[in-house]
There are 2 protein chains.
Amino acid sequence: MPLTETSPSPRKPALRRSAGETRDALMEAAFGLVRAQGLSATSVDEICGAAGVSKGAFFHHFKSKEHLAAAAADHWSETTGAMFDAAPYHAAADPLDRVLGYIAFRAALIDGAPEAFTCFVGTMVQEAWATSPPVQAACWDSISGHAGKLEDDIAAAMAAHDVSPGWTARSLALHTQAVLQGAFILAKASGDAEMAREAIRHLRRYVELLFARGGPVLSPDTNH
Amino acid sequence: MPLTETSPSPRKPALRRSAGETRDALMEAAFGLVRAQGLSATSVDEICGAAGVSKGAFFHHFKSKEHLAAAAADHWSETTGAMFDAAPYHAAADPLDRVLGYIAFRAALIDGAPEAFTCFVGTMVQEAWATSPPVQAACWDSISGHAGKLEDDIAAAMAAHDVSPGWTARSLALHTQAVLQGAFILAKASGDAEMAREAIRHLRRYVELLFARGGPVLSPDTNH
DNA sequence: TTTTACATACCAACCAGTCGGTTTATGTGT
DNA sequence: ACACATAAACCGACTGGTTGGTATGTAAAA
């Protein structure tokens, strides 16, 4: 199964539901449902119902459920990316403050029910990694791309604070994503969002310890 | 839906397939399939096929797919628990060495395909937490119980190394589980097991930094 | 008038779970 | 030892509902 998505049409004006709105509504309906139930437990009819559109509209915009999943992963990257770009922690002058601000921001987002604060692509990739290469790739793009933005601030913080570590900015950026994804699992399993916040508090402490001084690292191993 | 499993019959000798062997075969077949595809994408027929038993046998041993899932989570706790209990890192005299030994052991287990080294309950709870309370509870029992064993060593290490932190042994034990679960997601998403090992290397460095000295912690916040 | 956006009815495949029947182990009386 | 009764283990055909996806038609936009 290929997977060449119908590109977001270059047309500009509005239709019955302004251009692409139905498409977005379907993908955003999938966000909540998949985070609550998983991908394969979420039926196309359910997504249509939540989005308020018919099944015919679904298959007009997406050639299959798998295509929706991959497109939704991309859409997730865009919407969350815009949200993080607009977040206040970017204003900090010290890049380390931006990194710690990012972590604090992630912790602050954890509120309410897990289907509202957990990661769409992190949930979906658990089911799709082996069965759907396009979905796996879209999920990895999302996680990796998001980590890339953080990586820049980490790299700047490393330069500014003169750390000479056995680890790279990229590996630390990905480690933060691992902690976040794992924190979401703890929250879902325990039914307690506080479990996720506690794990993130340890992550913040780790980053603080790493940048506390530029001295020798304890571990000889490198994160290359 | 209640969920009182037919207790492992008090009979002793062997049947066609020695007592409980079919049951175990079904649960262990589920381990691999669920880790690769997720729970709801895995059909009962598929599990039967992998275990080499008929559908009639499946529903003789489990009253529903959900019951199998919950029982399999318990079985996962038992089999992995026995495996960790037998691991060599327990021999270390210094409790901190046991904690670091545990982390090294977890890293060493990451080899081959994700369906062979990732966590069954961590994968399953992502799909079941909102739809099946019994499965959610069994998964949390598994994670929480496993963390409990590590917690004991962490607590001993805290006493032996005179740390007076703003965090608890339990919160650190759960943090390690978060890192591991998140590391598995990175491995599945990227298709590269090395991603998981790198995240765990950061975890080890964090524990080393925490125990490097008993001085004041940087963060005023507590992990209670 | 052509294309896009949607709607509805429909379908074959698949799903979890059921059911009647068969096979095998085991305990008991003799 | 041996028949016999009982129950557990197991089989595979079947069922009713659901699934992803299609076919056909219609109304609005361009």
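What's counted below: heavy atoms across the whole structure, side chains too, no hydrogens, waters or symmetry copies.
Counting only residues at least two apart or in different chains, side-chain hydrogen bond (donor to acceptor under 3.5 Å, both in side chains) contacts with residues 108-121 of chain A are absent.
No donor-acceptor pair closer than 3.5 Å links the side chain of B/Q181 to the backbone N or O of A/I185. Between the side chain of A/Q177 and the backbone N or O of B/L186, no donor-acceptor pair lies under 3.5 Å. Distance alone, capped at 3.5 Å, places no donor-acceptor pair between the B/S144 side chain and the B/D141 backbone. A donor-acceptor pair under 3.5 Å links the side-chain atoms of A/Q136 to the main chain of B/K188, judged by distance alone. Under the 3.5 Å distance criterion, the side-chain polar atoms of B/Q126 are left unmatched by any main-chain donor or acceptor of A/G38.
Atom CZ of A/F62 is separated from atom C1' of D/dT22 by 18 Å (rounded to the nearest Å). The NE2 atom of B/H60 sits 8 Å away from the C1' atom of D/dC10 (whole-angstrom rounding). Summarising the geometry, the separation between CD on A/E21 and P on D/dA29 is reported as 14 Å, rounded to the nearest angstrom. A straight line from NE2 of A/H67 to P of D/dG20 spans 16 Å, rounded to a whole angstrom.
Of the side-chain N and O atoms in A/H61, none sit less than 4.0 angstrom from OP1 or OP2 of C/dT4. At the phosphate of C/dC6, OP1 or OP2 sits under 4.0 Å from a side-chain N or O atom of A/T22.
One finds no salt bridge joining B/E198 and B/R201 here, because no Lys/Arg side-chain nitrogen approaches an Asp/Glu carboxylate oxygen to under 4.0 Å.
With sequence neighbours excluded, the residues that form a ring pair (Phe, Tyr, Trp, His ring centres under 6.0 Å) with B/F31 are B/H75, B/W76, B/F120. With sequence neighbours left out, the ring pair (Phe, Tyr, Trp, His ring centres under 6.0 Å) criterion links B/H146 to B/F84, B/Y102.
Within residues 25-42 of chain A, no residue has any heavy atom closer than 4.0 Å to DNA chain C.
Using a 4.0 Å heavy-atom distance criterion, B/S43 is classed as a sugar-phosphate-only contact.
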Within the sub-3.5 Å range, which N or O atoms of nucleotides 17-19 of chain C have a protein N or O partner, and how far apart are they?
| residue | atom | partner | partner atom | Å |
| --- | --- | --- | --- | --- |
| C/dG17 | OP2 | B/K65 | N | 2.8 |
| C/dG17 | N7 | B/K55 | NZ | 3.4 |
| C/dG17 | O6 | B/K55 | NZ | 2.9 |

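Direction change of the helix axis from one end of the helix from C/dT1-D/dA30 to C/dT30-D/dA1 to the other is 10°, with five pairs defining each end axis (rounded to 10°).
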